[in-house]
Amino acid sequence: MDGSNGVAESVKVVRPVRAFYELYGRRQIEAILTSLDEHRELPRQYGYFGRGAGNWDTYTRRLWSEPGENAPVMSARLLRSCREVIDDHVSGSGEVDVVDLGVGNGLPVRATLAHLIDDLGLGVRYVGIDLSATMLELAESNFRAWFGDRLTFAGHLQDMADPSLETVIRRERRHDRPGIVREI
């Protein structure tokens, strides 16, 4: 009995299937359990794992083709509006690092990468950092389809809230050439 209205509380125990443990790592599982315990909800960022990455890709491709303002289109527009500054920044260099925090499917950064590669003739090393291995795989697949071997892809599984993010970026950024960082 719960003591307030005489009704017995029932407790349902839910056990994840094996695929849950294959999809998420130990730290991610701890974060999920903590969030479920404290907030009674799954942390949003974990929805981009497994089939969630495909759902996000489908959703953003639809947004891309729709008129109006939305996050992926605005992100690409912002990058385009900074093109003159970016061009000045990379001037005189043969190569550039592009560090992308929260890669998504790559659509928002595609035109900027094409500009760097095709218009400016630069070698581009794209460093994608994301919490979801599935999103990294999706972005890499898209970049291979769009740019072939004209772009070097390095993907890193990393929680943006983890203090070690700065170390990953420092390790990946080559300081002998210019870099561009895009954050979602």
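What you are looking at is a predicted structure, and each value in this text was computed from that prediction instead of being measured.
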One should read off an interatomic distance between Leu136 CG and Gln158 CD, to the nearest 0.5 angstrom, of 11.0 Å
Can you check salt bridge (charged side-chain N to carboxylate O under 4.0 Å, His left out) on Asp57 and Arg61, steps first, answer last?
CA-CA 6 Å; Asp57 184 47; Arg61 286 178 187 274; 2.9 Å; yes
Work out which heavy atom in Ala53 is nearest to a heavy atom in Thr134; give both atom names and the distance.
CB-CG2, 3.4 Å
Taking atom CZ of Arg80 and atom NE2 of His115, what is their separation to the nearest 0.5 Å?
12.0 Å
Going by the angle between their ring planes, with limits at 30° and 60°, are Trp56 and Tyr59 parallel, tilted or perpendicular?
tilted
side-chain hydrogen bond (donor to acceptor under 3.5 Å, both in side chains) partners for Arg15, two or more places apart
none
Rounded to the nearest 0.5 Å, the OG1 atom of Thr112 sits from the CD1 atom of Ile117 at a distance of 10.5 Å
Flag yes if Leu78 and Val73 sit in one hydrophobic cluster, no otherwise; membership is Ile, Leu, Val, Met, Phe, Trp, Tyr, and two members link when side-chain heavy atoms are under 4.5 Å apart.
no
Evaluate the side-chain proximity of Val103 to Leu138: yes if any heavy-atom separation is below 4.5 Å, no if none is.
no
Looking at Asp176, I'd like to know if its CG atom is crowded, meaning that more than 12 non-hydrogen atoms belonging to other residues, nucleotides or ligands lie closer than 6.0 Å.
yes
Heavy atoms from other residues, nucleotides or ligands near CD of Glu84 exceed 12 (cutoff 6.0 Å):
no
side-chain hydrogen bond (donor to acceptor under 3.5 Å, both in side chains) against Asp118, all qualifying residues, sequence neighbours excluded:
Arg150
State plainly whether the residues Arg174 and Asp97 are in salt-bridge range, i.e. N to O under 4.0 Å.
no
Test your reading of the model: is there a side-chain donor-acceptor pair from Ser91 to the backbone of Asp87, 3.5 Å cut-off?
no
Quick check: are there more than 12 heavy atoms from other residues, nucleotides or ligands sitting under 6.0 Å from CD of Glu38?
yes
Examine Met74 and Leu107 and state if one hydrophobic cluster contains both, with Ile, Leu, Val, Met, Phe, Trp and Tyr joined whenever side-chain heavy atoms are less than 4.5 Å apart.
no
Mind checking the NE2-SG spacing from His89 to Cys82? Nearest 0.5 Å is all I need.
12.0 Å
Do you know the tightest heavy-atom contact between Leu116 and Leu120?
O-CB, 3.5 Å
Please assess Leu33 against Asp37 for the test side-chain contact (heavy atoms from CB on, under 4.5 Å), listing each intermediate value before the final yes or no.
CA-CA 6 Å; Leu33 293 174; Asp37 185 47; over 6 Å; no
Evaluate the criterion side-chain contact (heavy atoms from CB on, under 4.5 Å) for residue pair Arg182 and Val98; output intermediate values, then yes/no.
CA-CA 8 Å; Arg182 181 187 85 95; Val98 175; 5.7 Å; no
Derivation and outcome, side-chain contact (heavy atoms from CB on, under 4.5 Å), residues Phe143 and Leu113
CA-CA 9 Å; Phe143 290 136; Leu113 295 173; 3.4 Å; yes
Please report the interatomic distance CD(Glu140) to CG(Leu151), rounded to the nearest 0.5 Å.
9.5 Å
Trp64 and Ala76: which non-hydrogen atoms are nearest, and at how many Å?
CH2-CB, 3.4 Å
Taking it one step at a time, do Phe147 and Val124 satisfy side-chain contact (heavy atoms from CB on, under 4.5 Å)?
CA-CA 10 Å; Phe147 303 111; Val124 173; over 6 Å; no
Could you tell me the separation between the CZ atom of Arg27 and the CD1 atom of Ile29, rounded to the nearest 0.5 Å?
13.0 Å
Could you pull out the closest heavy-atom pair between Tyr126 and Asp100, with the gap in Å?
OH-OD2, 2.7 Å
For Glu95, which residues count as a side-chain hydrogen bond (donor to acceptor under 3.5 Å, both in side chains) partner, sequence neighbours excluded?
Arg177
Which heavy atom of Val96 sits nearest to which heavy atom of Pro178, and what is that distance?
CG2-O, 3.3 Å
Are side-chain N/O atoms of Asp130 and Ser132 paired as donor and acceptor at under 3.5 Å?
no
Spell out, as yes or no, whether a donor-acceptor pair under 3.5 Å connects the side chain of Thr34 to the backbone of Glu30.
yes
Are side-chain heavy atoms of His156 and Val127 found at a separation under 4.5 Å?
yes
Inspect the surroundings of CZ in Arg144 and state if more than 12 heavy atoms from other residues, nucleotides or ligands are less than 6.0 Å away.
yes
Show the nearest heavy-atom pair for residues Leu79 and Ile86, with the distance to one decimal.
O-CD1, 4.1 Å
